[in-house]
Number of protein chains: 2
Amino acid sequence: MAVDRRQQIIDAATNSFSLFGYKATTIDQVAKLANVGKGTIYTFFKNKEELFDEIINDLIKEMKEVANDAVNPSDSFYENVHRALYKLLEFRKKHQLTIKLSQEARDIGTPAVLEVMEKLELAILNFIKDKVILAIQKGEIKDCDPEITSFIMMKLYIALIFDWEKKNEPLNKAEISELFEFYLFRGLST
Amino acid sequence: MAVDRRQQIIDAATNSFSLFGYKATTIDQVAKLANVGKGTIYTFFKNKEELFDEIINDLIKEMKEVANDAVNPSDSFYENVHRALYKLLEFRKKHQLTIKLSQEARDIGTPAVLEVMEKLELAILNFIKDKVILAIQKGEIKDCDPEITSFIMMKLYIALIFDWEKKNEPLNKAEISELFEFYLFRGLST
DNA sequence: CAAATGACCAATCGGATAAAATGGTCATTC
DNA sequence: GAATGACCATTTTATCCGATTGGTCATTTG
């Protein structure tokens, strides 16, 4: 059986990263899990970090799909951004690999993992930024700096989904949607 | 000369905490700096942490003054909150002791320091919450949950002052004021 | 002979242990 | 009786050394 050795390696590594994190995953272990000699891994990937990068790029691709699936052109900008951001952050919150990597970033601070987490955030940020630019062009929202606007949207979302529940009862999806709309779109002024 | 031994100790400890942080400050060191026997410290304070707490309570008092000074009853709610939050976070950003403690919380995670930083955040949060409640009563802003509103205001401010400049050119006071007003008060909707 | 392999190597990690430092006490001093 | 610093139990830090790890490459295999 001519199995795809490269894919076997990626699958094994993804599994191990998800279970044990980046640092605690050894190349020996990946080789064993992939039923492959250790040297073989180095014929496909320059080193451990490049293997990691490839897996993260797959993850980002997956996230882009999730985000795009959440967008429905006939809905409003606000509705779409809300659904996309919510789905993205829920994805991040539930996906084994991202959970493990978040922990590792927080508890150990492995440099390669910190880098990768920034890359993930940036991917989300850019996705939102594109939507913001489009919405401005269509006149769906006021003219504003897309960079800052997407930054604030993500910060607000992270605050509502992750930070708020550190000290309070978690907010459900409907509440978050409402708050997002209330504060960012309608505004506080009377 | 009947110097105030208690105040001497507090001054010495404040100095040492500011320079070296909580963990790296030893009671022996504080005693030396305060020109006081080590045992004397324990006649005024039950232990190291209580001495620390007293210093932090002084700091919070100082912060409350800064915040109150920034408030001018004849100005709008938005204007006052902006000035107060800005002053508070600038204070935190420039004050030796808070800088050192932020570093220690991030790099070492000393439990006593983490606790204290939460206490600081909570003090700010409560200050803002009171202002929000008043503003709702006066009809200066829409009816909303003061808890969530103050939480979001602070998160937005921290994002604009601390987080934004990790990746971009820092925003000046006027820009922050403008963004604060634009996103939170006027809203994005057209 | 090209792809796969695992013994091998230098570098890093981590557990064990001993030494130093620290928070806190209390008998003695002033 | 307030102040002190030698003293103690506990924690932290430094040091060592065997185990582990990422990565290489001469050898094997299909």
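None of these values were measured; they are calculated from a predicted model. We name chains A, B, ... by the order of the sequence lines, and we start the count at 1 in each one.
- Under a 3.5 Å cut-off, the side chain of B:S16 and the backbone N or O of B:A13 do not form any donor-acceptor pair.
- Atoms NZ (A:K48) and P (C:dA11) sit 19 Å apart, rounded to a whole Å.
- Per the geometry, CG belonging to A:D28 stands 16 Å off P belonging to D:dA19, to the nearest Å.
- Residues B:V30 and B:A12 come closest through the heavy atom pair O-CB, 3.8 Å.
- When atom types are taken as modelled, the side chain of A:T40 and the backbone of A:V36 share no donor-acceptor pair closer than 3.5 angstrom.
- OP1 or OP2 of D:dA3 lies within a sub-4.0 Å distance of a side-chain N or O belonging to B:R5.
- B:K142 places a side-chain N or O within donor-acceptor distance of the main-chain N or O of A:G187, the cut-off being under 3.5 Å.
- Going from atom CD of B:E79 over to atom OG of B:S177 covers 6.0 Å, rounded to the nearest 0.5 Å.
- Here C:dC13 presents its P atom at 12 Å from OH of A:Y22, a figure rounded to the nearest Å.
- If you measure from atom CD1 of A:I27 to atom P of C:dT12, you get 17 Å, rounded to the nearest angstrom.
- Judged by the 6.0 Å distance and 45° axis criteria, A:K100 is not positioned over the aromatic ring of A:F20.
- Under a 3.5 Å cut-off, the side chain of A:E104 and the backbone N or O of A:Y22 do form a donor-acceptor pair.
- Less than 4.0 Å separates DNA chain C from no heavy atom of any residue of residues 9-18 of chain B.
- Straight-line distance from the NZ atom of A:K23 to the P atom of C:dC13: 6 Å, rounded to whole Å.
- The closest side-chain heavy-atom distance from B:I141 to B:F185 is below 4.5 Å.
- What separates CD of B:Q29 from C1' of C:dG24 is a distance of 17 Å, to the nearest Å.
- Checked by atom type and distance alone, the side chain of A:T26 pairs as donor or acceptor with a backbone atom of A:Q29 at under 3.5 Å.
- In this structure, of D:dT21, D:dT12, D:dG23, it is D:dT21 that holds the atom nearest to the side chain of A:T26.
- Direction change of the helix axis from one end of the helix from C:dC1-D:dG30 to C:dC30-D:dG1 to the other is 20°, with five pairs defining each end axis (rounded to 10°).
- Residue B:R6 places no side-chain N or O under 4.0 Å from the OP1 or OP2 atom of D:dA3.
- Going from atom CG of B:D4 over to atom P of D:dA3 covers 11 Å, rounded to whole Å.
- A:I60 is listed as a side-chain neighbour of A:I56, based on a closest heavy-atom distance under 4.5 Å.
- A:W164 contributes a side-chain N or O that, together with a main-chain N or O of A:E169, makes up a donor-acceptor pair within less than 3.5 Å.
- For the segment residues 30-47 of chain A, the set of residues with a heavy atom within less than 4.0 Å of an atom of DNA chain C comprises A:V36, A:G37, A:K38, A:G39, A:T40, in numerical order.
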